[in-house]
> 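Below is the structure I would like to discuss, written out as structure tokens.
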Amino acid sequence: MAEEHKHEESIMEKIAEKIHGHDGSSSSDSDDEKKASSIKTKIFRLFGREKPVHKVFGGGKPADIFLWRNKKVSGGVLGAATLSWILFELLQYNLLTLFGHVSILALAVLFLWSSATTFIHKKPPHIPEVHIPEEVVLQLASGLRIEINRGFTILRNIALGRDLKKFLMVVAGLWVLSKVGSSCNFLTLIYIATVLLFTIPVLYEKYEDKVDHFGEKAMKEIKKQYAVLDEKVLSKVMSKIPRGAFNKKD
């Protein structure tokens, strides 16, 4: 009887140890999850970004091209843009003239090739049918419409005097754009934007943590300087502007 009683006690002790051990592991797991979630919430992302860079660009083929997932296609697009800029900007080639000459050359080569195959008894060249998919055009138009409407909404709120910070940012951006436009023409500006689009996102994705860390420090400093400017200048200016018109319903 004493041995059976000791055996039962040992079994109960093992069960209690397992229960306590499970509780301890679950509590430690919950503590680890809380720590991980707190660490995630503390990570600063540039411009408040919550998605990966690839998802920001749509996550499809355009994102693969801009982020150099397919190096041949990305290099081809950037090379074509560079060649176009050299032809139209440096060599001062006319667009209609270039289009006409290239079309004449391509059609002449294909026509002579197809005609020659009938004499040498070979298969004619395979010319694929080219068409623009409707789905791609609709997606592009829908995304463009959403961004344009968002821009109109921001401009309307700025014009109504609802956001002084955005007003100053837009004025500064337009001033920089006017200075850049005065030093180069529209084609060069488009080419510069294309080169930046093919270089900055991929570099940012590669050095994301370092850039975000530097951006966090820069944003803190900008907010600090803006608070000083708001306290000493902007608040005094805005206090002198009558706000009755802004308080009316649209």
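Since the model is a prediction, treat every value here as computed from it, not as a measurement.
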> Is there a path from Leu83 to Trp85 through hydrophobic residues (I, L, V, M, F, W, Y) whose side chains come within less than 4.5 Å of each other?
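Leu83 clusters together with Trp85.
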
> May I ask you to decide if Phe66's main-chain N or O and Ser74's side chain share a donor-acceptor pair within less than 3.5 Å?
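Answer holds: no.
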
> Quick one, Leu67 with His54, criterion side-chain contact (heavy atoms from CB on, under 4.5 Å). Give me CA distance, side-chain angles, the key distance, then yes/no.
CA-CA 7 Å; Leu67 296 175; His54 192 267; 3.8 Å; yes

> Measuring from Lys179:NZ to Cys184:SG, what's the distance to the nearest 0.5 Å?
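Reported to 0.5 Å precision, the distance equals 13.5 Å.
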
> Should Leu91 and Leu98 be counted in the same cluster of Ile, Leu, Val, Met, Phe, Trp and Tyr side chains packed under 4.5 Å apart?
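Yes, it is one cluster - the side chains of Leu91 and Leu98 are joined through contacts under 4.5 Å.
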
> Decide whether Leu187 and Val77 are clustered together by the hydrophobic rule: side chain heavy atoms of Ile, Leu, Val, Met, Phe, Trp, Tyr closer than 4.5 Å, transitively.
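Per the 4.5 Å side-chain linkage, Leu187 and Val77 are co-clustered.
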
> Flag yes if Val195 and Leu197 sit in one hydrophobic cluster, no otherwise; membership is Ile, Leu, Val, Met, Phe, Trp, Tyr, and two members link when side-chain heavy atoms are under 4.5 Å apart.
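Yes; tracing contacts between hydrophobic side chains, which count when under 4.5 Å, links both residues.
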
> Any chance you could lay out the side-chain contact (heavy atoms from CB on, under 4.5 Å) test for Thr117 and Lys123, step after step, and finish with the verdict?
CA-CA 6 Å; Thr117 54; Lys123 292 182 179 181; over 6 Å; no

> For the atom pair CZ (Phe167) and CG (Leu160), what is the distance rounded to the nearest 0.5 Å?
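Between Phe167 CZ and Leu160 CG, I get 12.5 Å after rounding to 0.5 Å.
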
> Is there a donor-acceptor contact under 3.5 Å from the side chain of Ser178 to the main chain of Trp175?
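Yes.
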
> Do the non-hydrogen side-chain atoms of Leu189 and Leu177 ever get within less than 4.5 Å of each other?
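Yes, close enough: below the 4.5 Å cut-off.
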
> Mind checking the CG-CH2 spacing from Asn70 to Trp68? Nearest 0.5 Å is all I need.
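Reported value, rounded in 0.5 Å steps: 10.5 Å.
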
> Does atom CD1 (Ile127) have a neighbourhood of more than 12 heavy atoms from anything else shown, all under 6.0 Å?
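Yes, CD1 of Ile127 has more than 12 neighbouring heavy atoms, counting only those of other groups under 6.0 Å.
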
> Which residue, Leu105, Leu107, Leu112, forms the side-chain contact (heavy atoms from CB on, under 4.5 Å) with Val109?
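Among Leu105, Leu107, Leu112, the one meeting side-chain contact (heavy atoms from CB on, under 4.5 Å) with Val109 is Leu105.
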
> Assess, by modelled atom type and distance only, whether the side chains of His213 and Tyr207 contain a donor and an acceptor separated by less than 3.5 Å.
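Distance-only check fails for His213 and Tyr207.
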
> Could you walk me through whether Ile65 and Phe198 pass side-chain contact (heavy atoms from CB on, under 4.5 Å), step by step?
CA-CA 8 Å; Ile65 293 174; Phe198 274 87; 3.6 Å; yes

> Out of curiosity, does Val73 fall in the hydrophobic cluster containing Val53 (side-chain heavy atoms, cut-off under 4.5 Å, transitive links)?
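Both belong to a single hydrophobic cluster.
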
> Decide yes or no for Glu89 and Asn185: does some side-chain heavy atom of the first lie under 4.5 Å from some side-chain heavy atom of the second?
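Heavy-atom side-chain distance check passes, below 4.5 Å.
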
> Rounded at 0.5 Å granularity, tell me how far CD in Glu147 sits from OG in Ser142.
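Rounded to the nearest 0.5 Å, the CD-OG separation comes out at 10.0 Å.
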
> Do we see a donor-acceptor contact under 3.5 Å between the side chains of Tyr191 and Ser84?
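No, because no side-chain N or O of Tyr191 sits under 3.5 Å from a partner of the opposite role on Ser84.
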
> Where do Pro201 and Leu196 come nearest, in terms of heavy atoms and distance?
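Minimum heavy-atom separation between Pro201 and Leu196: CD-O, 3.4 Å.
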
> Just wondering, more than 12 heavy atoms not from Glu135 lying within 6.0 Å of its CD?
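For Glu135, atom CD is not crowded (no more than 12 foreign heavy atoms under 6.0 Å).
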
> Look up atom CZ in Arg69 and atom NZ in Lys61, then write down how far apart they are to the nearest 0.5 Å.
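One gets 15.5 Å once the value is rounded to the nearest 0.5 Å.
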
> Please walk me through it: do Tyr204 and Lys210 pass side-chain contact (heavy atoms from CB on, under 4.5 Å)?
CA-CA 9 Å; Tyr204 172 69; Lys210 294 181 180 179; over 6 Å; no

> Working to the nearest 0.5 angstrom, can you tell me the gap between Thr97 OG1 and Phe88 CZ?
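Rounded to the nearest 0.5 Å, the OG1-CZ separation comes out at 9.5 Å.
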
